[in-house]
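Because only heavy atoms are used, hydrogens play no part in the values below, and waters and symmetry mates are left out as well, while side chains stay in.
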Amino acid sequence: MKRLRFFAIVLVLGMACLIAPEITPTIANETIVTNDQLIVFKINDTNYYTQTAGSEVVNTVKMDTAPIIELDRTFVPVRFLGNALGVSDSNIEWNNTTRTATLKGINKLDLVIGKKAIVVNDKTEPIDVAPMITNSRTMLPARFVAEGLGFKVDWDADNQLVIVYQGEKPDISAILAKIKGEEIEKPKSEKIEWKIIRRDVGRTIYDKDKAHDNMRYFRFVCTSHPELNYKNTYDWDGNSIVERMDDGYTTTYELAPGGQAYNIPLKKGMVVTFDVYEKINGVEVKVDTIVETL
């Protein structure tokens, strides 16, 4: 009898191991995405895609299970969904007894397999689909989890994409091109005609500007002499002021700003190089590199 009881226990434990969903796959390139990013899942694609706001770079993260559609809702593996939304592995838990997945991000979410509800910070809210287990993977409804963690969610039916973001609705063209294996055409700037406004090396003033016909704004970064990206002056009380100049957009660039505290001498014959950036359709693009001999 004891031997039969022993084998029965072993059998039960073995069955539990087979049934328990796997939510901690080891993926070498798994990354945690911060909340300033655009995240895109595609149905039946074992990658998800991220892009930082203002950047042209699209990152790809490999998953071991692709998102699926069930009951008109997109389901994503819990671990990858949590990581994509900024939740680390240590803040994703699985309770095999209650069959509950817990994610701790900006809010604490609890979802029970087979139950049409999501618990947000201990407050239960009804949802129209239930989490499920498919091929030993815990699959959660992407929209409700993302919204529970403070994100907005859009659905692109034509391309079968779940688009997750914060703030204003993002441009997904770069990610869509990545998914389709296409090269996205970068925004192009019209030809720039520069003119010298004032040139006086002795007084350390050297301005360049585009003719003000259409008031285009540019950001200038001196690459040959990084110290020239700072403006050194005094305020009215005699306090030294050091201001960084390459962060803002302007129509006029003062390459070598003067001032009482200015201590970066310019010499005749010095070669100065700087890059020029312009925002085109909301995307910052390098449009020119200018090399000048003083």
Side-chain angles (χ1 to χ4, degrees), residues 17-70 72-94 96 101-106 109 111 113 129 131-166 170-184 186:
C17 291
L18 291 174
I19 295 173
E22 173 63 55
I23 66 170
T24 57
T26 301
I27 304 298
N29 66 346
E30 183 175 330
T31 57
I32 308 301
V33 178
T34 56
N35 290 352
D36 62 347
Q37 306 227 338
L38 163 64
I39 306 115
V40 173
F41 293 93
K42 178 173 174 56
I43 301 303
N44 296 326
D45 187 341
T46 53
N47 296 309
Y48 71 81
Y49 305 86
T50 68
Q51 183 180 13
T52 303
S55 170
E56 298 178 36
V57 178
V58 175
N59 296 306
T60 302
V61 181
K62 187 72 174 176
M63 301 182 289
D64 63 356
T65 303
I68 59 174
I69 293 179
E70 289 287 340
D72 294 325
R73 291 294 184 188
T74 300
F75 287 79
V76 179
V78 57
R79 184 70 58 187
F80 294 101
L81 180 59
N83 288 169
L85 301 177
V87 182
S88 64
D89 285 350
S90 61
N91 285 318
I92 301 175
E93 302 172 357
W94 168 254
N96 195 47
T102 299
L103 298 89
K104 300 175 182 177
I106 189 174
L109 310 183
L111 297 100
I113 299 300
V129 290
M132 61 184 179
I133 296 175
T134 301
N135 295 326
S136 298
R137 289 288 181 265
T138 299
M139 306 289 284
L140 302 184
R143 175 177 294 276
F144 298 113
V145 173
E147 290 177 345
L149 292 173
F151 290 84
K152 298 176 183 178
V153 182
D154 286 343
W155 167 249
D156 180 340
D158 292 337
N159 296 294
Q160 292 200 305
L161 304 179
V162 176
I163 305 163
V164 183
Y165 60 97
Q166 291 181 325
D171 177 9
I172 67 165
S173 57
I175 288 181
L176 193 56
K178 179 88 170 182
I179 292 172
K180 294 181 177 181
E182 300 172 349
E183 288 292 332
I184 186 169
K186 295 182 179 180

Minimum side-chain heavy-atom gap Thr46-Phe80 below 4.5 Å: no
pair Arg143-Thr74: side-chain heavy atoms closer than 4.5 Å: no
Verdict with supporting geometry, Ile172 and Tyr165, side chain to side chain contact (heavy atoms under 4.5 Å, CB included): CA-CA 11 Å; Ile172 67 165; Tyr165 60 97; over 6 Å; no
For Phe151 against Gln166, the heavy-atom pair lying closest together: CD2-CG, 3.6 Å
Straight-line distance of Ile68 CD1 to Arg73 CZ, nearest 0.5 Å: 14.5 Å
Nearest-0.5 Å distance, CG of residue Asp45 to CE of residue Met63: 6.5 Å
Distance-minimising heavy-atom pair for Val153 and Glu147: CG2-CG, 4.1 Å
Arg137 versus Asp64, closest heavy-atom pair with distance: NH2-OD2, 2.8 Å
Atom of Asp171, atom of Leu38 and distance for their closest heavy-atom approach: O-CD2, 3.9 Å
Minimum heavy-atom distance Phe75-Pro141, with the two atoms named: CD2-N, 3.7 Å
Asn91 atom CG, over 12 foreign heavy atoms within 6.0 Å: yes
Separation between CG of Asn47 and OG1 of Thr60, rounded to the nearest 0.5 Å: 5.5 Å
Shortest non-hydrogen separation from Leu85 to Ala146 and the atoms involved: CD1-CA, 3.7 Å
Min side-chain heavy-atom separation Gln160-Ile69 under 4.5 Å: yes
Close side-chain approach of Leu176 and Leu161, heavy atoms under 4.5 Å: yes
Atom pair OH (Tyr49) and CG (Asn59), whose distance is rounded to the nearest 0.5 Å: 12.0 Å
Minimum side-chain heavy-atom gap Leu140-Thr138 below 4.5 Å: yes
From CA spacing to verdict: side chain to side chain contact (heavy atoms under 4.5 Å, CB included), Leu109, Val87: CA-CA 11 Å; Leu109 310 183; Val87 182; over 6 Å; no
Straight-line distance of Ile179 CD1 to Asn159 CG, nearest 0.5 Å: 7.5 Å
Side-chain heavy-atom pair Val129, Glu70 within 4.5 angstrom cut-off: no
Rounded distance [0.5 Å steps], CG in Leu111 versus CZ in Phe144: 10.0 Å
Plane angle bin for Tyr48 and Phe41 - parallel if under 30°, tilted between 30 and 60°, otherwise perpendicular: tilted
Flag side-chain contact, heavy atom, 4.5 Å: Met139 against Pro77: yes
